[in-house]
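Proteins come first, then strands; the chains are lettered A, B, ... in the order of their sequence lines, and each starts at number 1.
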There are 2 protein chains.
Amino acid sequence: MFELDLRSRSPVYEQLVEKIKDLIINNVLQPDEQLPAVRVLAGELTINPNTIQKAYRELEHRGYIYSVPGKGSFVKPAVAGDHDARLRALENELSRIISEMLYLGAYPADIITRIQTQLFKDKGGQPHD
Amino acid sequence: MFELDLRSRSPVYEQLVEKIKDLIINNVLQPDEQLPAVRVLAGELTINPNTIQKAYRELEHRGYIYSVPGKGSFVKPAVAGDHDARLRALENELSRIISEMLYLGAYPADIITRIQTQLFKDKGGQPHD
DNA sequence: TCAACCGTGCTATTAGTGATAGTACACATA
DNA sequence: TATGTGTACTATCACTAATAGCACGGTTGA
């Protein structure tokens with residue numbers, strides 16, 4: 001399910017959060033689908049259950065999953081609520097990236113068009129223009 | 001010159017690297033301009049000189065500045081060389097951000113247009129289209 | 001020449017935290 | 001009741017960010 005880099009400077013639990021978040025965002029994990037149990041995933045990845053739990057706790061805090069004691073952890077259907085804050089954060093990242101691309105002499109508009117075309121191919125969505 | 005968050009999870013030297021990198025990218029610090037001496041900046045920010053040195057070393061390693069023992073540290077005129085690797089990394093970030101924006105129901109194209117217009121206003125550059 | 005300033009390198013120490021191991025408890029379900 | 005689930009807690013180890021302090025060599029100007 002995952003590939004982890006135990007030697008990375010980035011903490012394992014953080015890598016887990018990002019990977020699972022990506023799976024949710026890209027609809028690989030669908031709404032209300034059950035995530036692997038803490039101990040099971042820990043066994044598969046041969047890491048400590050506490051690390052998985054920390055990742056799940058963080059994902060729940062960020063609004064991507066919900067956990068039910070005695071039942072399991074599941075993908076949250078609508079990541080409702082604080083879309084605005086998240087969107088603002090993404091815009092800041094985007095602004096920084098575009099600035100750096102311009103500094104490097106690249107043409108962000110071209111690159112962005114290529115990326116969106118790629119995403120369109122992958123998922124069959126309708127690119128807004 | 002800077003504002004640091006000593007309580008941040010992000011290391012101080014890493015914050016320094018990012019801030020100075022932004023100043024260079026945005027042309028606030030111009031090519032061959034001398035950066036504050038390690039001990040001076042440490043004094044202003046009331047942090048340890050070693051922390052500044054670590055940030056400068058990292059910036060030199062990333063190709064944003066160059067240091068001359070006995071003289072000082074300066075902004076590297078052309079961040080030559082590994083533009084390609086950096087650009088690929090930026091494209092990956094961009095792809096991830098656009099995916100997440102789409103997931104959040106936003107229209108990345110609109111947002112990007114707005115950001116570029118903003119950058120155009122700020123710096124008077126010519127946006128490529 | 002010499003004092004002042006510069007980057008650089010090193011050791012040692014402290015504080016914080018990621019990750020592990022192990023145990024325990026409460027809830028859900030067959 | 002037995003099993004599987006999330007959750008909570010303590011303790012320990014390892015790594016590292018950050019600090020303090022010292023030393024060295026190159027540069028510059030008086």
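Counting only N and O atoms by type, the side chains of A/Y103 and B/D22 include no donor and acceptor under 3.5 Å apart.
Of the two residues near DNA chain C, A/G70 and A/Y13, the one whose nearest nucleotide lies more 5' is A/Y13. Each of A/S67 and B/T46 lies near DNA chain D, and the nucleotide nearest A/S67 is the one positioned closer to the 5' end. Taking the nucleotide of DNA chain C with the nearest heavy atom to each of A/P49 and A/P69, the more 5' of the two is matched to A/P49.
With B/E14 as reference, B/R62 is the one residue of B/R62, B/K21, B/K19 to meet the salt bridge (charged side-chain N to carboxylate O under 4.0 Å, His left out) rule.
D/dT27 atom P lies 12 Å from atom CZ of B/F74, rounded to whole Å. Atom C1' of nucleotide C/dT8 and atom CZ of B/R57 are separated by 8 Å, given to the nearest angstrom. One can place CD of A/Q53 at 14 Å from C1' of C/dT23, the figure rounded to the nearest angstrom. Between the CG atom of A/L4 and the P atom of C/dG18 there is a distance of 16 Å, given to the nearest Å. Here the C1' atom of nucleotide C/dG18 and the CD1 atom of A/I52 are 14 Å apart, to the nearest Å. Regarding A/Q15, its CD atom lies at a distance of 13 Å from the C1' atom of C/dA19, rounded to whole Å. Taking atom CG of residue A/L16 and atom P of nucleotide C/dT20, one finds them 10 Å apart after rounding to whole Å. The nearest whole Å value for the distance from the OH atom in B/Y56 to the C1' atom in C/dG9 is 18 Å.
Taking the side chain of B/A37 as heavy atoms from C-beta on, and the options D/dA8, C/dG7, D/dA18, the nearest nucleotide is C/dG7. Comparing C/dA19, C/dT20, C/dG7 by their nearest atom to the side chain of B/S73 picks out C/dG7. Between D/dA18, C/dG18, C/dA21, one nucleotide has an atom nearer to the side chain of A/N48 than all others, and that is C/dA21. Here the nucleotide nearest the side chain of B/V38, chosen from C/dG7, D/dA8, D/dA18, is C/dG7.
At distances below 3.5 Å, at least one donor-acceptor pair connects side-chain atoms of A/D5 with backbone N or O atoms of A/R7. A/S95 contributes no side-chain N or O that, together with a main-chain N or O of A/E91, makes up a donor-acceptor pair within less than 3.5 Å. Using a distance-only test at 3.5 Å, with no hydrogens or angles considered, a donor-acceptor pair links the side chain of A/N48 to the main chain of A/N50.
Contact between the side-chain N/O atoms of B/K71 and the OP1/OP2 oxygens of D/dT28 is found at a separation under 4.0 Å. Using a 4.0 Å cut-off, some side-chain N or O of B/T51 falls inside it from OP1 or OP2 of D/dT19. Residue B/K54 places at least one side-chain N or O closer than 4.0 Å to OP1 or OP2 of D/dA17.
Side chain A/R39 to base D/dG4: no donor-acceptor pair is found below 3.5 Å. Contact of B/N50 with D/dG21 (side chain to base): a donor-acceptor pair of N or O atoms is detected under 3.5 Å.
Using a 4.0 Å heavy-atom criterion, one finds that B/E60 contacts the sugar-phosphate atoms exclusively.
Ion pair A/E60/A/K54 not flagged as a salt bridge, since none of the NZ, NE, NH1 or NH2 atoms sits closer than 4.0 Å to an Asp/Glu carboxylate oxygen.
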